[in-house]
Amino acid sequence: KVGLWLLLATTLIGGFLYYLMYRPMRTPLLMAAATQYAHPWPPNAWAKEDLQGLTVLDRQEVANCVQLPWESNDEGLRRLRDQLDAVRPGGPGKDVVIVYLSIHGAVDAQGQPCLIPPVAALDGRGWLPVRELLQTLFVEARSGRVPDHVRKLVVLDAGRIHSHWDAGILYNAFAERLSEVVADLKVPNLAVLNSASPGQAARVSPELGGSVFGHFFSQGLQGAADVEQGDHNGRVSLQELHRYLAAHVHQWTLENRAAAQTPMLIPADLDMALVHT
């Protein structure tokens, strides 16, 4: 009897350790949206609804969603950096962190792609260069900095402004310059997914209850990308997600807005396992 009890105890302990080592781990998803824009800036329409749609991933045990406010650069960066330092990477390889930002983006007078918080001035004061954002989160040395081996995906829904005469923006080259910044920084295992490609604007949809990009981004992470564009292995990879978004966002905007919108991945060939479905 003693031998049987010891065998049973050993089996249970071994099973528990196996469960801890191989159980599916949710991917941390840090989210922020700037919504309190005032004239002459256009509204960042349906941004709150996009974040609410992403919280479904939390309830489905896909992602660990953390929503953060972003009304100013200093406060937004501080909160995001603190949360990034605190989270534990997750996903299929236990090595992924996703940061999702819905905020206006444009190019400043120096040609740098920038994020524009609600308190920013039209002349460029208060704009946050994307270079500074990425350096603050992933490059600057500090306690608890995200290690280089951790796979990092920064998702930018920053393409709502195509032109803005009051701010001197005749054509918004945010997407073009974004590629240059990411290539120059050379942050290991960093991918940036932008909601639109050069020459395009990011569209919103009352019919979908959010932005077109935000709606299909949520659907893709819930498993649609693995089913439609992947190998049906119960995991969504970055390449599967990008193919899914490129197909559905482009088709929806073409059929319903008579315009082109194709999300852009930088670098285009980087892949990583993002979430369990």
Side-chain angles (χ1 to χ4, degrees), residues 21-32 54 56-58 60-66 80-81 83-102 130 133-139 144-158 175 178-179 181-197 213-214 216-249 262-277:
M21 292 177 62
Y22 295 101
R23 67 186 176 93
M25 186 174 181
R26 291 192 294 172
T27 303
L29 174 58
L30 308 182
M31 310 179 296
L54 287 173
V56 173
L57 302 171
D58 204 330
Q60 294 179 351
E61 299 296 313
V62 173
N64 182 19
C65 299
V66 179
L80 184 57
R81 186 172 63 183
Q83 283 292 334
L84 195 60
D85 290 342
V87 300
R88 181 182 177 186
K94 297 183 174 65
D95 60 353
V96 174
V97 175
I98 302 176
V99 177
Y100 182 100
L101 299 177
S102 178
V130 174
L133 169 74
L134 299 179
Q135 285 177 329
T136 302
L137 296 181
F138 306 122
V139 177
R145 184 172 71 89
V146 179
D148 289 343
H149 73 271
V150 173
R151 301 176 185 274
K152 304 161 280 279
L153 173 61
V154 176
V155 183
L156 298 177
D157 191 357
L178 186 61
S179 299
V181 170
V182 176
D184 289 344
L185 285 177
K186 296 182 174 63
V187 178
N189 293 311
L190 170 66
V192 176
L193 180 62
N194 194 49
S195 59
S197 294
F213 174 81
F216 287 110
F217 179 77
S218 177
Q219 294 292 315
L221 285 185
Q222 289 180 56
D226 179 50
V227 173
E228 297 187 25
Q229 300 289 338
D231 51 10
H232 302 260
N233 65 349
R235 295 176 292 181
V236 174
S237 72
L238 179 57
Q239 289 295 326
E240 290 172 351
L241 178 63
H242 182 235
R243 290 195 298 268
Y244 174 83
L245 289 171
H248 284 272
V249 173
T262 305
M264 178 179 65
L265 178 62
I266 311 168
D269 58 348
L270 184 61
D271 200 9
M272 60 184 75
L274 296 176
V275 297
H276 292 281
T277 64

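It should be emphasised that the depicted structure is a prediction, and the values quoted were computed from it without experimental measurement. Position 1 is the first residue of the sequence; numbering continues from there. The figures that follow rest on heavy atoms only: side chains count, while hydrogens, waters and symmetry mates do not.
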Where do Met25 and Pro89 come nearest, in terms of heavy atoms and distance?
CE-O, 3.2 Å
Any donor-acceptor pair under 3.5 Å from Lys152 side chain to Val192 backbone:
no
Holding to ring-ring contact (aromatic ring centres under 6.0 Å, His included), I want the full list of residues that pass it with Phe217, two or more places apart in sequence or in another chain.
Tyr100, Phe213
Rounded at 0.5 Å granularity, tell me how far CZ in Arg235 sits from CG in Leu274.
11.0 Å
By ring-ring contact (aromatic ring centres under 6.0 Å, His included), His242 pairs with (sequence neighbours left out) none
Please identify each residue that fulfils salt bridge (Lys or Arg N to Asp or Glu O under 4.0 Å) with Asp58, with sequence neighbours left out.
Arg26
What I'd like to find out is whether the side chain of Val275 reaches to under 4.5 Å of the side chain of Leu57, using heavy atoms alone.
no
Ser197 and Ala175: which non-hydrogen atoms are nearest, and at how many Å?
C-CB, 3.8 Å
Output yes when a side-chain donor or acceptor of Ser195 lies under 3.5 Å from a complementary backbone atom of Asp157, and no otherwise.
no
What verdict does the side chain to side chain contact (heavy atoms under 4.5 Å, CB included) test give for Val96 and Leu153, after you've listed the backbone C-alpha separation in whole Å, the side-chain angles of each residue and the deciding distance to 0.1 Å?
CA-CA 8 Å; Val96 174; Leu153 173 61; 5.6 Å; no
Residue list, salt bridge (Lys or Arg N to Asp or Glu O under 4.0 Å) with Asp231, at least two apart or on another chain:
none
Contacts of Glu61 meeting side-chain hydrogen bond (donor to acceptor under 3.5 Å, both in side chains) (sequence neighbours excluded), chain-then-number -> none
Would you indicate whether the side-chain heavy atoms of Ile266 and Asn194 approach each other to under 4.5 Å?
no
Measuring from Asp226:CG to Asn233:CG, what's the distance to the nearest 0.5 Å?
5.0 Å
Within the 4.5 Å heavy-atom criterion, are Met272 and Asn189 side-chain neighbours or not?
no
Straight-line distance of Leu156 CG to Met264 CE, nearest 0.5 Å:
9.0 Å
Mark yes or no for whether Asp271, through its side chain, and Gln239, through its backbone, hold a donor-acceptor pair below 3.5 Å.
yes
Atom of Pro263, atom of Leu193 and distance for their closest heavy-atom approach
CB-CD1, 4.4 Å
Side-chain heavy-atom pair Val154, Phe138 within 4.5 angstrom cut-off
yes
Mark yes or no for whether Gln229, through its side chain, and Ala224, through its backbone, hold a donor-acceptor pair below 3.5 Å.
no
Using the side-chain hydrogen bond (donor to acceptor under 3.5 Å, both in side chains) criterion, which residues pair with Gln219? Sequence neighbours excluded.
none
Taking the side chain as every heavy atom from C-beta outward, state whether Arg88 and Asn64 have any atom pair closer than 4.5 Å.
no
Can you tell if the side chain of Val139 reaches within under 4.5 Å of the side chain of Val187, non-hydrogen atoms only?
yes
Check Ala246 against Thr262 and note the closest heavy-atom contact, atom names and distance.
CB-CG2, 4.0 Å
Leu29 and Ala63 have their tightest heavy-atom pair at CB-CB, 4.1 Å
Looking only at heavy atoms, the pair that brings Gly223 and Thr277 closest together is CA-CG2, 3.5 Å
Separation between CG (Asp85) and CG (Leu80), nearest 0.5 Å, reads 9.5 Å
First locate atom CG of Asp95, then atom CZ of Arg151, and finally report the distance between them rounded to the nearest 0.5 Å.
5.5 Å
Let me confirm one number: the CG-CG distance from Leu133 to Leu185, rounded to the nearest 0.5 Å.
10.0 Å
